[in-house]
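Note sheet for the following structure.
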Amino acid sequence: MSHLVRTEEELEALYGLPSGGAVIKEIDHISDHYRMFIELAPFVVVATSGPEGLDCTPRGDPPGFVRVVDRSTVMLPDRRGNNRIDTLRNLVRDPRVALLFMVPGITRTLRVNGRAAISVDPELCASFTMEGKVPRSVIVVTAERVYTQCAKALVRSKLWDASRHVEEARLPSSGTMLKALQGDFDAVTYDRDYPQRLKETIY
């Protein structure tokens, strides 16, 4: 490949340097305004890094599920999943973490970069109980860089525009995709049973 940008100097020559609000908005703590954004967000994307590479995973619950403890700390429960625990595997080896918070209908997002630890404190885990289910662990994030992301990406994508929502039938089902990877996989049974399985394992 030709015409590749390989240095920071080349990037700065191409894009210039940030200024104004793009610089002012980045702080090393969770301000009162940023706290409001976190507490209204029912959805966050968690990015981590490990020896095998990078990982990015969605997390969601009712608004407020990410708990703002103080100006430097947020906590989020590790709800039941598929037991791959890619995020947790990464964090025990590399504590760096990046969070991207999204609020339905709001085109701005909020980013929190910092370091994370995994707590299994019984009282702390119990405080995140949902529908009678206690998470096995809680991710404790110490914020180092916090800032909002401008609206351009969500405006361009029209993410919250209901008229642009895609019908589930336009995509192959999970069972179909799994069967393509393993020919004898029972896609029909998997897809048929999934709604009930989701209901039983959501928490």
Side-chain angles (χ1 to χ4, degrees), residues 4-50 52-79 81 84 86-91 93-118 128 138-166 171:
L4 298 178
V5 176
R6 299 185 184 278
T7 69
E8 288 188 58
E9 291 76 16
E10 291 174 324
L11 278 173
E12 291 174 1
L14 181 64
Y15 286 96
L17 295 174
S19 60
V23 175
I24 295 170
K25 66 184 180 181
E26 182 181 329
I27 56 179
D28 63 359
H29 62 278
I30 301 165
S31 67
D32 291 341
H33 291 144
Y34 290 172
R35 178 177 187 141
M36 292 172 62
F37 201 108
I38 294 171
E39 292 179 341
L40 283 173
F43 184 84
V44 61
V45 179
V46 181
T48 56
S49 177
E52 295 82 14
L54 305 176
D55 182 67
C56 194
T57 180
R59 301 295 174 98
D61 245 337
F65 81 102
V66 176
R67 182 180 301 166
V68 181
V69 180
D70 54 38
R71 288 163 67 86
S72 299
T73 313
V74 297
M75 299 178 175
L76 60 154
D78 187 63
R79 300 291 185 205
R84 285 181 57 100
D86 296 310
T87 296
L88 304 183
R89 289 183 192 280
N90 281 347
L91 289 177
R93 297 174 293 179
D94 184 340
R96 292 177 298 169
V97 67
L99 309 178
L100 177 68
F101 292 92
M102 303 177 73
V103 178
I106 303 299
T107 52
R108 288 166 293 147
T109 57
L110 181 76
R111 298 168 67 168
V112 176
N113 297 335
R115 295 178 181 273
I118 303 167
F128 283 93
V138 173
I139 300 173
V140 182
V141 177
T142 300
E144 296 175 343
R145 299 168 58 211
V146 186
Y147 54 98
T148 54
Q149 184 77 33
C150 76
K152 292 184 180 68
L154 271 68
V155 170
R156 286 192 291 252
S157 67
K158 301 189 186 312
L159 183 64
W160 306 127
D161 184 348
S163 70
R164 300 287 187 114
H165 290 181
V166 177
L171 290 170

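Excluded from the calculations below are hydrogen atoms, water molecules and symmetry mates; all remaining heavy atoms, backbone and side chain alike, are included.
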Listed by chain and number, what are the salt bridge (Lys or Arg N to Asp or Glu O under 4.0 Å) partners of Glu10, not counting sequence neighbours? none
Just verifying a value: how many Å separate Ile30 CD1 and Asp32 CG, rounded to the nearest 0.5 Å? 10.5 Å
Please tabulate, for side-chain N and O atoms in residues 96-107, each donor-acceptor pair with protein atoms closer than 3.5 Å (sequence neighbours left out).
| from | atom 1 | to | atom 2 | distance (Å) |
| --- | --- | --- | --- | --- |
| Arg96 | NE | Asp94 | OD1 | 3.1 |
| Arg96 | NE | Asp94 | OD2 | 3.3 |
| Arg96 | NH2 | Asp94 | OD2 | 2.8 |

Distance from Glu26 atom CD to Asn113 atom CG, nearest 0.5 Å? 8.0 Å
Which atoms form the tightest heavy-atom contact between Phe65 and Gly60, and what is the distance? CZ-CA, 3.9 Å
In Å, rounded to the nearest 0.5 Å, how long is the span from CG of Asp86 to CG of Leu54? 12.0 Å
Give a yes or no on this: more than 12 heavy atoms of other residues, nucleotides or ligands lie within 6.0 Å of atom NE2 of His33. no
To the nearest 0.5 Å, what is the distance between CZ (Arg145) and CZ (Arg111)? 7.5 Å
Val141 and Val66, any side-chain heavy atoms less than 4.5 Å apart: no
Heavy-atom closest contact (Asp161 atom, Ser163 atom, distance): OD1-OG, 2.7 Å
Using 0.5 Å steps for rounding, measure from the OG1 atom of Thr109 to the OH atom of Tyr147. 9.0 Å
Would you say Glu144 and Arg115 make side-chain contact, with heavy atoms under 4.5 Å? yes
CG of Leu88 to CD1 of Ile118: how many Å apart, nearest 0.5 Å? 4.5 Å
Whether over 12 other heavy atoms sit under 6.0 Å from Glu52 CD: yes
For Arg89, does its backbone N or O pair with a side-chain atom of Arg93 as donor and acceptor, under 3.5 Å? yes
For Val112 and Ala143, the nearest pair of non-hydrogen atoms, with its separation, is CG1-CB, 3.8 Å
Please walk me through it: do Cys56 and Val45 pass side-chain contact (heavy atoms from CB on, under 4.5 Å)? CA-CA 7 Å; Cys56 194; Val45 179; 3.0 Å; yes
Val138 and Arg67, any side-chain heavy atoms less than 4.5 Å apart: no
For Arg108, does the CZ atom have more than 12 heavy-atom neighbours from other residues, nucleotides or ligands under 6.0 Å away? no
Quick check: closest heavy atoms across Ala116 and Ile139, and the distance to 0.1 Å? CB-CG2, 3.9 Å
Kindly give the heavy-atom pair with the smallest separation between Cys150 and Lys25, and that separation in Å. N-NZ, 4.1 Å
Closest contact, heavy atoms only, Met75 versus Phe128: CB-CZ, 3.8 Å
